[in-house]
Amino acid sequence: MSRRVVVTGMGAITPIGLNVEEFWNSVKEGKTGFGPITYFDASEYKCKLAAEVKGFEGKNYMDFKAAKRMELFCQYAVAAAKEAIEDSGLDMEKEDPFRVGVSVGSGIGSLQTMERTHSRLLEKGPNKVEPLLVPLMISNMAAGNVSIQFGLKGKSLNVVTACATGTNSIGEAFRTIQYGDAEVMVAGGAESSITPVGIAGFAALTALTSSEDPARCSIPFDKERSGFVMGEGSAVVVLEELEHAKARGANIYAEVVGYGNSSDAYHITSPAEDGSGAAKAMEYAVADAGADMNEITYINAHGTSTHHNDLFETRAIKLAFGEHARNIRINSTKSMIGHLLGAAGAIEFVTCVKELQEGYIHKTVGYQVPDEECDLDYCILPVEEEFTYALSNSLGFGGHNSSLLIKKF
């Protein structure tokens, strides 16, 4: 019998709030985090907007020396993990540290370190490369630093599946507890890629919007969508075996009940055009929970605001749910915070949990012009209603499809 897994803590660093409460209040207000890039001079770049995290200082979340040995993506992860662990009330003095693990992924790691060091290498030679280059740069250091900061000695993972990283990280943590490899997992994603190479690279792929209007830049499912907006930040949750959570009197937010994955085996950046891969991931997640497809009434879509993603994800939902797709409310959190890459699935998971708790489905902000081919219910207005299940989708470059099913507890 596989064990039941619940959510007992949540933390977030986002472009519209530096903690879960601030983020969630901004979501309900329909606030967006889009604006001109300030981290570097983007005047020559095709893409000039991003969703930057504002007002964050690592030393507010960890000691100054520790912060200096971490790049921004790691600082975001540690800050979000700190909030999640405190929120969960988990007392590591009372836990077996080898039964508390970490699954925090990053899609890219630190482009900042790579860019800075590459310049230094060319200008001053190989002997002037900074000693901490490697541990600052590599993507597993988000998980590594969270483990070190909080004394978590259980299984420690860094899943890298591009834009599906956050969802896979939480899914693999869920499986770890279900299978009995840990009692508690601190899970999520972190990313900070608003850098010259990050923006130039995604723009060269024509993945980023060229819109310079913050109100019309990230508009998932809208006919005038033209690409995604790069966001940054981190979201981390504490997942826990149900009886373990009950025994310590933990506050339970929701239950994770299903996890489904597939690969498109089709193209390095485009999803499968018929949506078959993403459809299968959704079907697997619902089947994993022992639920019926017709019981699903809400999906937090990957919804990036690129032409291909939104069209093919719509097709996937229709393929998976048939006629019932018309009864499902679908929204995209990326309409407010852009695409957090490796952290996207994690912050969307947090959003789903808050929505389930409050019986509130946020609107897809900025949606104005209907697209004939994207013809489902994309929540033009927020919806207040009780619902039982939230299905969260993430689709990554390379054809990675991942879905998590969360149930009201």
Side-chain angles (χ1 to χ4, degrees), residues 5-29 31 33 51 53 56 76-88 102-106 142 146 163-171 173-174 185-191 231-240 250-257 259 298-303 331-362 387 389-394 402-409:
V5 180
V6 292
V7 183
T8 57
M10 302 194 290
I13 298 290
T14 77
I16 56 172
L18 297 182
N19 55 55
V20 171
E21 189 184 4
E22 205 179 299
F23 164 72
W24 179 238
N25 288 336
S26 295
V27 165
K28 290 196 288 190
E29 288 166 30
K31 263 172 93 168
V53 166
F56 175 86
Y76 289 160
V78 168
K82 182 176 195 282
E83 183 189 358
I85 292 167
E86 285 172 0
D87 182 43
S88 74
V102 182
S103 177
V104 177
S106 174
V146 167
C163 321
T165 295
T167 299
N168 279 136
S169 296
I170 295 172
F174 164 60
M185 290 290 286
V186 175
E191 206 78 81
E232 61 170 353
S234 176
V236 172
V237 295
V238 174
L239 300 187
E240 199 164 339
N251 174 36
I252 294 172
Y253 287 118
E255 183 172 3
V256 188
V257 289
Y259 176 45
Y298 165 62
I299 296 173
N300 187 300
H302 189 54
N331 64 6
S332 172
T333 307
K334 293 181 181 74
S335 64
M336 288 173 271
I337 56 173
H339 194 346
L340 273 60
L341 307 182
I347 193 62
E348 288 153 19
F349 180 94
V350 168
T351 306
C352 287
V353 171
K354 294 300 287 184
E355 288 176 316
L356 276 168
Q357 269 195 302
E358 296 192 13
Y360 179 93
I361 297 171
H362 75 70
F387 58 108
Y389 291 104
L391 184 65
S392 184
N393 289 342
S394 292
S402 188
S403 295
L404 277 164
L405 190 63
I406 310 154
K407 189 178 184 184
K408 193 180 176 83
F409 188 79

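Hydrogens, waters and symmetry mates are skipped; everything else that's a heavy atom, side chains included, is used.
Ile406 pairs in a side-chain contact (heavy atoms from CB on, under 4.5 Å) with only one of the listed residues (Leu391, Val353, Val257), which is Val353.
Scanning all heavy atoms of the two residues, the minimum distance from Tyr298 to Cys352 falls at CE2-SG, 4.1 Å. Shortest non-hydrogen contact noted between Phe387 and Gly359 is CE2-CA, 4.2 Å. Nearest heavy atoms, Ile361 versus Glu355: CA-OE2, 3.6 Å. Across all their heavy atoms, Gly233 and Ala343 have their closest contact at O-CB, 3.6 Å. Between His362 and Asn331, the closest heavy-atom pair is O-ND2, 2.8 Å. Across all their heavy atoms, Ser26 and Met336 have their closest contact at O-SD, 4.4 Å.
The line from NZ of Lys334 to NE2 of His339 is 5.0 Å long, rounded to the nearest 0.5 Å. From Thr333, atom OG1 reaches atom CG of Asn300 across 4.0 Å, with rounding to the nearest 0.5 Å. Between the CD1 atom in Ile13 and the CD atom in Glu22 there is a gap of 9.0 Å [rounded to 0.5 Å].
For Lys82, the salt bridge (charged side-chain N to carboxylate O under 4.0 Å, His left out) test picks out Glu86, with sequence neighbours left out. With sequence neighbours left out, Lys28 forms a side-chain hydrogen bond (donor to acceptor under 3.5 Å, both in side chains) with Glu358.
Under a cut-off of 6.0 angstrom, the local environment of CD in Glu21 is sparse, with at most 12 non-hydrogen atoms contributed by other residues, nucleotides or ligands.
For Thr167 and Ser394, the side-chain atoms include at least one donor-acceptor pair closer than 3.5 Å.
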